[in-house]
Amino acid sequence: MSDTPQPILLADYTAFGWLIDQVELEFHLAPRATRVLSKISLRPNPDAPAQDFFLHGEELRLIWAKINGERITPEVSKTGLTCAVPDAPFVWEAEVEIDPQDNTALEGLYMSRGMYCTQCEAEGFRKITFYPDRPDVMAPFKVRIFGEDPVLLSNGNPVAQGEWHDPWPKPAYLFALVAGDLRAVSSSFTTASGKDVELNIWVRPGDEDRCDYGLDALKRSMKWDEDVYGREYDLDVFNIVAVDDFNMGAMENKGLNIFNSKCVLASPETATDADFARIEAIIAHEYFHNWTGNRITCRDWFQLCLKEGLTVFRDQQFSGDMRSHAVHRIQDVLMLRGRQFREDNGPLAHPVRPESYVEINNFYTATVYEKGAELIGMLKRLVGDDGYSQALDLYFDRHDGDAATIEDWLKVFEDATGRDLSQFKRWYSQPGTPRLHMSEAFEDGTYTLSFAQDTPPTPGQDVKDPQVIPIAVGLLGANGNEVMPTTVLEMTEAKQSFSFRNSVEGWVLDGPAAAERISGAAPEKPTPSVLRHFSAPVILERDITPETLGFLLSHDTDPFNKWEAGRALAKHVLLTMITQSTQPDALYLDAMAQVAADSALDPAFRALALGLPSQDDIAQALFDSGQTPDPQVIYDAGQSLRDALAAHLEPALAPIYDAMACPGPYSPEAGDAGKRALRHGALGLLSRCDGGARAEALYQAADNMTDQTGALTSLLAIAKGGDQVQAFYDQWHGDRLVLDKWFGMQVSLAKPDQAAQVAHSLAEHPDFDWTNPNRFRALIGGLAMNTAGFHHESGAGYQFVADWLIRLDSKNPQTAARMSTAFETWRRFDADRQDMMREQMQKIAAHDKLSRDMGEMITRMLD
Ligand code: 0A1
Ligand code: ZN
């Protein structure tokens, strides 16, 4: 018999043979021996095929089991149990014993610094008791918790101390339990229909002063979901708990969200502007899941994007409404390109709706989440805002209480709008980032844009069919005025042209309905602004001169494309510096000087415009154009370009730095955060001219974490800041979340030839608690993010990361497997680096406690 785990296939889905009317659970908590009693009322599911009765269960010690009150002896395996059951409704009961203290995988019931907590998505409930642990089995739960802790929480409404009833049928993955010595910071929210909801954020004693922002974000999320989606909250209480040891960001358990403390706790002294923004988005995300995920859940884990893509899309809309749409769109696209494009163009590429998996935890990916959200955005663009609202209303009406599929989702759009979405569905099954080639023609006063789409082969899928691509286009006249407002072109063919003509109404898309052409003087060729707002997750390829990019950067009325023009220009400059050993282009430097000083522009936008493309981005671009990227050369080019920018912009930088100071007490609100972002951008460049004098002064004066880390980052980037690193440690060594920053900054900003060594010595530091996922990610992930350091020619970075992944894999497979993606770009590089990375991956694959999670990741990367 082979030990190789067999993949699970979408095509093999069958319904569970029974329906569950009620689940009753009783927990007797003890760190090494928690007893769980379960009583489950089942009846045959008339819509399911005949099957043996099977309950999932892993790492459980079965004490006894009964059917209808009679003791039975089930057949227990490593993955669950079977037994004979009556062909009629029956009651299953069992008692099991589990060991939360020994649970280092942080899945199921585990302990985090003395506190009991759970994580059941995707398949953790089977480590708590025997149960059909699949999302399409939904039931109301009643829970009783017995333990010594003062606070005993579970899902639903409180009934008595430690007793909870959740009336809303839910799958087991949404179950949660928390017990500990916790304090609540509380508030309340009155829903649109007048129901009062108690809101609590539960934290360890001492963290109470870090909850205000999270509570406020929660109230804003509740209001927003009522206003924008018509969705009200449906229980008497909404609890959030902050937990220090957590594999992901947070979890949407019904009425009891559990958060990685890093994603909810914030105070001006300990959290940065970016932390505040992330907390706002994650609070919203988990809250929004109450409707998109909990009330309507997924039939099976292949449908994960049904809840995640939609909920990410909703949290992005929310963040845009709370802050700036333009700035958020740019940040979302940066993230998409940085993580999802990287995944989609490498060995781990998979469809937004995968068709097979070995370990589902490996599919909580940027593709399912972020590309999944882009698909919702495209749908909205294609059917229009009204069509989208009608489709969503229908979705909630039709599927409330269901475990639904992508087919159900697309059907509501078809039914609400009358549109055929069969071609659109390809976006869910075809992995890979489409390349969109564009060319222009201008003849007899008709302007034509021609597009050709093709998607490179991905693992297991060589040939792709054309997809529907909404291409938002605007046209600009020679003087920079917009002569055609944003118009969405719907590309459905492999190759397609769209013509525009000059009419009494300006430039319009040619077609029977287009207005008459103006007779008389021939129009001038317009300049196109293509893929506005990043209207589709594709890579646009076209010949464009630096001059045209400069023109768009100055004049484009679409803020995303204005930024994109600057970004494309920076990319062009870097690629030319790398491939032709040239000096930085003056056109780019002048353009940046203009943007930096343009006080009509939002400071947050200016800060983003001044940023350079990531080293990873440049490596991918070089690889795409048939060259072998050298990480050290890319790093050096980035450094020279920063030096050149600093020298060129120097006269403007000090005034910007001064003007962007925020007087008064710190506020995390977007306006001030944008000013600080620009101020710190200017400081990063200024430090290259003043030797870090201003950064040292800012560090000294800082009264908030954004300024403190901003100053320290600027110093570390010029290889200074030794004293500040020590001072930071002295000030913050007692604070877990802040100390993560200390580890992360040092390693991610170390010079390439020193990064592995810095990581090595930090790993010896007494505060390096590698069993805490946040700390592990800060240090090991910090090195993986230091592109040139990780890929240093010595191979020390590869070895360091691989050794730690092996170590972590035997304790926490999920986080280890997730971080193995550090190696996913290995095929881009030269033969020596490829050999070294392959060797490290083979070493990981050969270790004696290799997990299923890690085994699957390495196999996919090496195949
Ligand atoms: N559903 C959560 C993400 C999540 C997934 C898995 C987890 O543990 C294995 C934890 C959280 C979300 O989208 O926020
Ligand atoms: Zn989610």
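Remember, it's 1-based here, ligands and their atoms both numbered in the order they're listed.
- Under the 6.0 Å distance and 45° angle rule, Arg314 counts as a cation-pi partner of Phe288.
- Listed by number with element, the atoms of ligand 1 under 4.0 angstrom from any heavy atom of Glu308 are 1 (N), 12 (C), 13 (O).
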Requested in this report: Please report the C-alpha distance between Leu348 and Thr821 in whole Å, then the side-chain angles of each, then the deciding distance to 0.1 Å, and finally whether the side-chain contact (heavy atoms from CB on, under 4.5 Å) criterion is met.
Outcome: CA-CA 8 Å; Leu348 297 175; Thr821 54; 3.7 Å; yes

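- Between Glu123 and Arg134 there is no salt bridge, since no side-chain N of the basic residue sits under 4.0 Å from a carboxylate O of the acidic one.
- At least one heavy atom of His289 sits less than 4.0 Å from an atom of ligand 1.
- For atom 9 (C) of ligand 1, the closest heavy atom belonging to the protein is Glu121 O, 2.9 Å.
- With ligand atoms numbered from 1 in the order given, ligand 1 contributes 1 (N), 2 (C), 12 (C), 14 (O) to contacts under 4.0 Å with heavy atoms of Glu252.
- Here is the list of ligand 1 atoms found below 4.0 Å of a heavy atom in Tyr369: 1 (N), 2 (C), 3 (C), 12 (C), 13 (O).
- Sorting the N, O or S atoms of Glu308 by how far they are from the Zn ion (ligand 2) puts OE1 first.
- Between the side chain of Asp809 and the main chain of Leu805, no donor-acceptor pair closer than 3.5 Å is present.
- Residue His285 has at least one heavy-atom neighbour below 4.0 Å for each of these atoms of ligand 1: 12 (C), 13 (O), 14 (O).
- Contact analysis leaves Gly249 out of contact with ligand 1, as no non-hydrogen atom separation drops below 4.0 angstrom.
- Distances below 4.0 Å separate heavy atoms of Ala250 from the following atoms of ligand 1: 2 (C), 3 (C), 4 (C), 11 (C), 12 (C), 14 (O).
- Ring geometry for Phe302 versus Tyr357: interplanar angle of 30 to 60°, hence tilted.
- Contacts of Gln814 with ligand 1, taken as heavy-atom pairs under 4.0 Å, involve the side chain alone.
- A distance-only check finds no donor-acceptor pair linking the side chain of Asp408 to the backbone of Asp402 [under 3.5 Å].
- Crowding of Lys811 atom NZ: a count of heavy atoms from other residues, nucleotides or ligands under 6.0 Å not exceeding 12.
- Considering the Zn ion (ligand 2) as centre, the angle to NE2 of His285 and to NE2 of His289 is 100° (10° rounding).
- Judged purely by atom type and a 3.5 angstrom limit, Asp273 has no side-chain atom pairing as donor or acceptor with the backbone of Ala277.
- Using a 4.0 Å cut-off to heavy atoms of Glu286, the atoms of ligand 1 that qualify are 12 (C), 14 (O).
- For atom 7 (C) of ligand 1, the closest non-hydrogen atom of the protein is Gln119 NE2, 3.2 Å.
- Per-residue contacts place Lys307 under 4.0 angstrom from the following atoms of ligand 1 (heavy atoms of the residue considered): 1 (N).
- Between Trp301 and Tyr364, the two ring planes are tilted [angle within 30° to 60°].
- Atom numbering of ligand 1 starts at 1 in the shown order; those under 4.0 Å from a heavy atom of Tyr364 are 5 (C).
- Test Trp202, Tyr287, Phe189 against Phe238 for ring-ring contact (aromatic ring centres under 6.0 Å, His included) and you get one pass: Tyr287.
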